[in-house]
Amino acid sequence: MNEPMLFLPLIALLPLAGFLLNGLFGSRLPKALVSTIALLFPLLSFALVARAAWMVHAGLALPVAEANAPTWIAVGTFHVGFQFVLDQLTLVMLLVVTGVGFLIHLYSVGYMEHESGYWRFFAYLNLFLFFMTVLVLAGNFLLMFVGWEGVGLASYLLIGFYIDRKSAGDAGIKAFVTNRVGDFGFLIAMFLLIAHFGTLSFSRITAQLSAHPTLTTGAATLICLCLVLGAVGKSAQIPLYVWLPDAMEGPTPVSALIHAATMVTAGVYMIARTHALFDLAPAALTVVAVIGTATAFFAATVAIVQTDIKRVLAYSTISQLGYMFLGCGVGAYSAAVFHLMTHAFFKGLLFLAAGSVIHGLGGEQDIRRMGGLRKTMPVTFWTMTAAVLAISGFFPFAGFFSKDAILAAAFQHGSTGKLLWMVGLVTALMTSFYMFRLWYLTFLGQSRAHSASDGHDHEHHHHAHESPWIMLLPLVLLALLSVCGGWIGIDRFAAFLAPATGMASAAPNAGHTELFLSVLAVLVAALGWFVAHLFFGRRTSAADDAAQRLAPLHRVLEHKYWIDEIYTSLIIRPIQWFARFGLGWLGELTLVRGSVWLLVGVTGLCGELLRRWQSGNLRSYAAWLAIGAAALLIFALAGTLLGMNSLADSIHWAVR
């Protein structure tokens, strides 16, 4: 049927229509109409995805529009079309992107109500959703790359939304430039794929690998490592994670959109989508697993001492993405995507709840100046509590099922896997600790608004209030998903994804071993809560005493291992110096000033010759006339000797 040819592109084009309407006319439209446009088109997009999900539930075939796709590029035998594909993996991603994305749009109507540039914000938000749906629906690498770059552009616009803040502009540039490093790897991978397969289509590459597995391990490893570089940049893993914490400069709904359901999960999705290649490159998978585990542990250590509520969640996102990379690295692609889905629920909720706290406190983000908000913001408190329990891995919340599936898969992945599992378990302990630290300091105890170390009174606690219901409704819905979003179980989820990610994606059932690992994971989460309660729940000075006793370690974590400073010293400043003094001074001397001097010299020489010709001396004019006549006579004589028929022929011969 022809319906899919229109059905699938509409999922992406509807948010684009919202962007165009608000982007072109939003400044002249009333705020209510801007909100309607911004919400209507993402909602319609989600409705189309929900319709596809219903078709699957009813046992109908998924609408695939890959065949007969319009041609985009045709060079010899190489063709790239506008291929949109909807399979099980795409369907899960689209449900997350459009569903959670719409809730964030709805929340933003209340959060951004009093902000200037209201229409501009929603235009950017719709643009972001358009590019993310293109990335997910793409049936080939080139179309995916369009969405890949597009979300980078949209994130730059959203992170730097507050144009009057230099820090916001710098954060947007940092995110944009850092991602270009990873995108270079993605480009090289595409060139290598063209060289080896002659196509960029996912289905054709997979078919060639299945029918004629001629790709050597070395070539597959090189291609996959280039793809890993792209995934590391987009999903904020070591060493390209540094842009994500600074992305907190954007409005809080932007943080929720980027962190929860869209941009940062693109790297994980890309690895799962190209699993057929990665299965041929075990070395590349090992790199993915090690990077993910190291990033998860590293980011968790930094999150322990952060005081900005959004930065705690930012490092938490980096850490949770590390778990997803670990899942992909041990071949448990379905477990990684399962955690991607549940993470969208509870991390979206955590950011939106944090935004509710910031909104209710008049912009305060320092958790050391909070406390006692449980009674004044009860809905925010209870919904955020569900998210904290989910990310910490408590049964029966969503995070327990997905994180447990990844750790179980790692444990059963040989001796290397057991080492990675151990690091992941310690990271889970730290995750529970720093999330309950945030929970205690934000909601429980007494208000600390007047105990800030900067010596200023913060009166906003006297006016702390619950957010409006247009902001609270998304919190309630995401809280429900954070509780029951994992009840489908990894076995059924992996079976559903098997046609897209392979049967080997699910973690093997290990019976009593799996039960033991699950119980151990819950005990570790409980231990993290207990330690957080000892330090922050009893209103003692234990946390401050521990920080003083471990001052060197605390300083290292507080300064985030000085990674930003190291990058600045080794990379940023040399580039700036070269741009300023190398390209700047030398370029100005050679290109700009050199060109000016050359023009001045040529003009002066021509002027001097003309001045001598136009001397006003009759004898000089007669001499030049004689020289010219002699020259013509010589040309004519030479032409006669060579058989030329005219003076013009002689002149042409002389010039030639």
Side-chain angles (χ1 to χ4, degrees), residues 78 89 138 140-142 144-145 148 179-241 266-296 321-337 406 409-410 412-421 423 500-505:
F78 175 71
L89 177 60
N140 59 65
F141 279 95
L142 190 57
M144 175 183 275
F145 190 69
W148 191 275
N179 274 276
R180 299 293 73 73
V181 178
D183 296 347
F184 175 75
F186 198 119
L187 280 171
I188 298 300
M190 285 197 293
F191 295 145
L192 292 172
L193 287 167
I194 294 172
H196 284 88
F197 297 98
T199 181
L200 292 175
S201 169
F202 297 134
S203 60
R204 293 175 186 172
I205 291 174
T206 302
Q208 289 187 37
L209 290 174
S210 300
H212 306 286
T214 58
L215 189 64
T216 64
T217 302
T221 300
L222 180 58
I223 293 172
C224 291
L225 287 177
C226 290
L227 292 175
V228 169
L229 180 59
V232 163
K234 196 65 69 180
S235 294
Q237 298 292 283
I238 291 174
L240 300 179
Y241 73 93
V268 178
Y269 170 74
M270 184 263 286
I271 294 175
R273 168 61 65 198
T274 58
H275 71 92
L277 282 168
F278 279 88
D279 288 340
L280 296 177
L285 284 178
T286 301
V287 171
V288 171
V290 171
I291 288 176
T293 307
T295 304
L321 288 166
Y323 276 109
M324 299 176 207
F325 267 62
L326 171 60
C328 289
V330 297
Y333 303 108
S334 291
V337 176
I406 291 175
Q412 298 162 31
H413 196 69
S415 56
T416 302
K418 288 181 173 56
L419 177 61
L420 298 177
W421 165 81
V423 177
T501 59
M503 292 303 296
S505 300

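One-based numbering along the sequence shown. Values below: every heavy atom of this structure, side chains too, minus hydrogens, waters and symmetry copies. Keep in mind it's a predicted model, so treat the numbers as computed, not measured.
Under the salt bridge (charged side-chain N to carboxylate O under 4.0 Å, His left out) criterion, D279 pairs with no residue, sequence neighbours left out. Legend: residues meeting ring-ring contact (aromatic ring centres under 6.0 Å, His included) with F278, ordered by chain and number and at least two apart, are absent. Applying the side-chain hydrogen bond (donor to acceptor under 3.5 Å, both in side chains) rule to N179 yields no partners; only residues at least two apart in sequence or on another chain are considered. With sequence neighbours excluded, the residues that form a side-chain hydrogen bond (donor to acceptor under 3.5 Å, both in side chains) with Y269 are R273.
Considering only heavy atoms from C-beta on, F141 comes within 4.5 Å of T274 through its side chain. Proximity of F186 to K234: side-chain heavy atoms (C-beta onward) are nowhere separated by under 4.5 Å. Under the 4.5 Å side-chain criterion, counting only non-hydrogen atoms from C-beta, F145 is in contact with L187.
In terms of modelled atom types and a separation under 3.5 Å, the side chain of Q208 and the main chain of T206 share no donor-acceptor contact.
In this structure, Y333 and H275 have tilted ring planes: the angle between them lies in the 30° to 60° band.
Contact detail for A138 and M144: the closest heavy-atom pair is CB-N, 3.3 Å. Among all heavy-atom pairs drawn from F78 and T199, the shortest one is CE1-CA, 4.2 Å. When all heavy atoms are compared, the tightest approach of A336 to M324 is CB-O, 3.4 Å. Of all non-hydrogen atoms in G182 and L240, the two that sit nearest each other are N-CD1, 4.0 Å. Closest approach of A272 to T501, counting heavy atoms only: O-CG2, 4.4 Å. The heavy-atom pair separating G292 from F325 by the smallest distance is CA-CB, 3.5 Å.
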Only distances under 3.5 Å count here; give the side-chain donor-acceptor pairs of residues 225-232 to other protein atoms, sequence neighbours excluded, each with its distance to 0.1 Å.
none

Distance-only donor-acceptor pairs under 3.5 Å for side chains of residues 282-291, two or more places apart:
| from | atom 1 | to | atom 2 | distance (Å) |
| --- | --- | --- | --- | --- |
| T286 | OG1 | P282 | O | 3.0 |

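Here the straight-line distance linking atom OH of Y323 with atom CG of L326 works out to 8.5 Å at 0.5 Å rounding. One finds the CG atom of L192 at 5.5 Å from the CD1 atom of I223 (value rounded to the nearest 0.5 Å). Within the model, atoms CD1 of I271 and SG of C224 stand 9.0 Å from one another, a figure rounded to the nearest 0.5 Å. The CD1 atom of I205 lies 5.5 Å from the CZ atom of F197; values are rounded to the nearest 0.5 Å. Atoms CG and CE, from L200 and M190 in turn, are 6.5 Å apart once rounded to the nearest 0.5 Å.
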Might you work through the side chain to side chain contact (heavy atoms under 4.5 Å, CB included) test for T295 and L321, ending with a clear yes or no? CA-CA 8 Å; T295 304; L321 288 166; over 6 Å; no

Step by step, work out the side chain to side chain contact (heavy atoms under 4.5 Å, CB included) result for L277 and L193. CA-CA 10 Å; L277 282 168; L193 287 167; 3.9 Å; yes

